[in-house]
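Data first, discussion second: the structure below is written as structure tokens.
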Amino acid sequence: MSMDLNDYTIIKEGEAEILMHAKNEVFYNKTQVNNRDMSIAVLRTFISRWKLEHEALLSKRNKSGVKLPENNVSVSEVDDTLNDSDMNSEKSNEECEGPAEKSQDGTCTTSEEPVKTEGKVRGELKPPRVLEALSASGLRALRYAREVEGIGQVVALDNDKGAVEACQRNIMFNGSVACSKVESHLADARVYMLTNPKEFDVVDLDPYGSPSVFLDSAVQSVVDGGMLMCTATDMAVLCGGNGEVCYSKYGSYPLRGKYCHEMALRILLACIESHANRYKRYIVPVLSVQMDFYVRVFVRIYTSASAMKNTPLKLSYVYQCTGCDAFHLQPIGRTVSKNTSVRYLPGFAPVVPQECSHCQKKFNMGGPIWSAPIHDQEWVMNILSDVKSMKDRYPAYDRISAVLTTISEELPDVPLFLSLHNLCATLKCTSPSAVIFRSAVINAGYRISGTHVNPLGLKSDAPMDVIWDIMRCWVKNHPVKAQPADQPGSVILAKEPVLQANFARAVASLSKAQAKKVARFLPNPERHWGPKLRAGRQITSKHISLLGEEKVNGCLSHQDSELDAKRQKIEKLEDAPAES
């Protein structure tokens, strides 16, 4: 592949290097280093967990004396075989047989290959296969191949011919390791994933905009127990700027509260679950992150018609008061247990009256959203410890360790959060410090934590009655000016507090990270740290706010020099004597 290196800039990130052309031909965003580092950290933990689960299944199989099916099956399918054998010892191995998982070259993917040795069946775990469905320059795929130990084949797809050529060029530029592990294809990601069902242990979706059109095929291409990593950058849509568009793409209506970024995460999870349910599959979130200008979720996908029935228990509608900050969740479903049977029924409703009991205003309704936990705290701690042990290998170590530290301290079973400043704005009062407010909630017998989404956000299992009583007690000690009687703050303060708040500082009012003064919310490392121009668009002076003046001026001067060269070439052709 002949090329002039003077036309390219070498960009190094982690252990990978890519060649970027001076023109905006292939999309690259430096900001996404946080995204790529977080994905590598999760992928490392996933591979180590994958191996442990495989060993546990082998041990369980050897103890139970159950033979695996002749065909190769995934780890989760082996687990189903073992469970079925425990429940019904008369069931034959053939009845438990699962579908074979084969790649295009006929080899099995991350599956157990039974090999008879000394009269015993031994399973061999293949290295996990990864699909990067929208690869662009291929930087992410190259980093996976070069930095994640134990990884197998990485397939990089793109529907743009220029992007595939750039990816292939970068694969060659990164040497033998990249050439042996990474392959690039020109293909529509949706069609490719549909024609390769249950082929990949990890599928990575990082589109420019919404991932909604890729989700249906993505949930089908992941093996049982595999990982789907998905990014959404259309935050204006997910956060309530265009609610009708969000409903058309994700099947959920957003609300414009201070918690809108966490609600965006939960809308995306609910959407993925909806697509998975159509194929008797369900998701288990291990990490959900809002960073920079996007949301990113990491979910494991399993197949089980019975477990899928629990989906309505994990989804809720949200009622948000239009006058104050009170919000309430309405679960979609519930269960009733009798002896050994479980009945699935619609949720009880309504959870709110027509008017807010605190300020007498109406409610807006949004959702449905994922109201179950969005993180697995054990996973989070494992990922964080892995990141700290390999800090030199993460270019964005400071940022991702700060985010993971904050996530590790979140209350996992409390959806959405309150903003202390918003509570005070409703009452038109001075704000107590976060420590004082946290102490009052803890002294009242409830839990409270921060959130990685917003440095001013507070998650608590205290009901809104308790929250407003604490604020009423605070206002009694810090009086406010009289407000019109019909204002939400005046209606709230007109009621006497039932709970007498105790503002004495509680021991747990500061998290461990806060007590140790660990940085949790870091500023952007440089200016113009955000979304970048879509590939293929010509850079003009109006893009200074996105790219910075220096970058834009450099591109404009390069474009001018190219135009001058073309003009001179045309002039020479015109001046040349005509051939007789």
Side-chain angles (χ1 to χ4, degrees), residues 11 13 16 18 20-21 24-40 42-43 129-145 148 151 153-171 178 181-196 199-222 226-235 237-238 249-250 268 271-272 275 289 291-299 301 531-537:
I11 296 175
E13 185 180 293
I18 61 171
M20 286 300 296
H21 200 277
N24 186 37
E25 293 179 339
V26 179
F27 184 75
Y28 165 73
N29 190 355
K30 183 179 179 180
T31 312
Q32 293 289 72
V33 63
N34 298 330
N35 187 315
R36 289 184 281 268
D37 272 11
M38 188 71 78
S39 302
I40 288 171
V42 174
L43 194 50
R129 294 182 73 211
V130 179
L131 173 67
E132 190 196 356
L134 306 151
S135 63
S137 65
L139 175 58
R140 186 184 298 264
L142 291 168
R143 288 197 64 190
Y144 287 168
V148 181
I151 200 169
Q153 182 188 34
V154 182
V155 178
L157 302 180
D158 208 288
N159 206 20
D160 180 73
K161 186 177 179 181
V164 174
E165 290 174 354
C167 186
Q168 291 172 346
R169 182 169 57 241
N170 291 328
I171 291 170
K181 287 190 174 183
V182 185
E183 58 182 61
S184 179
H185 299 290
L186 177 65
D188 186 318
R190 293 167 295 182
V191 176
Y192 190 90
M193 289 187 288
L194 281 173
T195 53
N196 291 273
E199 283 284 337
F200 296 95
D201 303 290
V202 180
V203 172
D204 192 325
L205 293 177
D206 188 15
Y208 192 103
S210 171
S212 58
V213 296
F214 302 101
L215 294 178
D216 198 77
S217 50
V219 296
Q220 298 179 66
S221 63
V222 183
M227 176 82 71
L228 173 62
M229 307 190 285
C230 181
T231 302
T233 61
D234 54 335
M235 295 303 289
V237 171
L238 282 165
K249 288 185 176 182
Y250 298 97
L268 179 57
C271 184
I272 298 173
H275 285 283
V289 181
M291 287 194 301
D292 299 320
F293 54 90
Y294 57 86
V295 289
R296 176 83 161 164
V297 297
F298 302 85
V299 301
I301 296 182
K532 295 294 182 284
L533 195 65
R534 187 188 291 269
R537 290 189 181 177

Is any side-chain heavy atom of [Y] closer than 4.5 Å to one of [X]?
X      : Y      : result
Leu139 : Gln32  : no
Phe214 : Cys230 : no
Lys181 : Tyr144 : no
Thr233 : Tyr208 : no
Ser184 : Ile171 : yes

Exercise for review: Kindly indicate, with the supporting measurements, whether the criterion side-chain contact (heavy atoms from CB on, under 4.5 Å) is fulfilled by Asp158 and Cys167.
Suggested key: CA-CA 9 Å; Asp158 208 288; Cys167 186; over 6 Å; no
**Study point:** Donor-acceptor under 3.5 Å (Asp234 side chain, Val237 main chain)
**Key:**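 Flag not set: sc Asp234 to bb Val237 has no pair under 3.5 Å.
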Practice item. State whether the side chain of Asn170 and the backbone N or O of Ser137 hold a donor-acceptor pair below 3.5 Å, judged by distance alone. Key: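 It does hold such a pair.
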Distance, nearest 0.5 Å, that separates [atom1] of [X] from [atom2] of [Y]:
X      : Y      : atom1 : atom2 : answer
Thr195 : Asp188 : OG1   : CG    : 9.5 Å
Ser212 : His275 : OG    : NE2   : 7.0 Å
Met38  : Thr231 : CE    : OG1   : 11.0 Å
Met291 : Thr31  : CE    : OG1   : 11.0 Å
Leu215 : Ile272 : CG    : CD1   : 5.5 Å
Met235 : Phe293 : CE    : CZ    : 10.5 Å

Check your understanding: Taking the inter-plane angle between the rings of Tyr192 and Phe200 on a 0 to 90° scale, is it parallel (under 30°), tilted (30 to 60°) or perpendicular (over 60°)?
Key ->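 Ring orientation, 0 to 90° scale: tilted.
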**Study point:** Steps toward side-chain contact (heavy atoms from CB on, under 4.5 Å) verdict (Asn35, Arg140)
**Key:** CA-CA 10 Å; Asn35 187 315; Arg140 186 184 298 264; 3.0 Å; yes
Nearest atoms (heavy-atom pairs only) where [X] meets [Y]:
X      : Y      : value
Pro211 : Tyr250 : CD-OH, 3.2 Å
Ala133 : Ala189 : O-CB, 3.5 Å
Ala141 : Val182 : O-CG2, 3.9 Å

Review point. Can you tell which of Arg129, Arg143, Arg296 makes a salt bridge (charged side-chain N to carboxylate O under 4.0 Å, His left out) with Asp204?
Key: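 For Asp204, the salt bridge (charged side-chain N to carboxylate O under 4.0 Å, His left out) check succeeds only for Arg296.
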Practice item. Test side-chain contact (heavy atoms from CB on, under 4.5 Å) on Asn196 and Ser221 and set out the steps. Key: CA-CA 6 Å; Asn196 291 273; Ser221 63; 5.5 Å; no
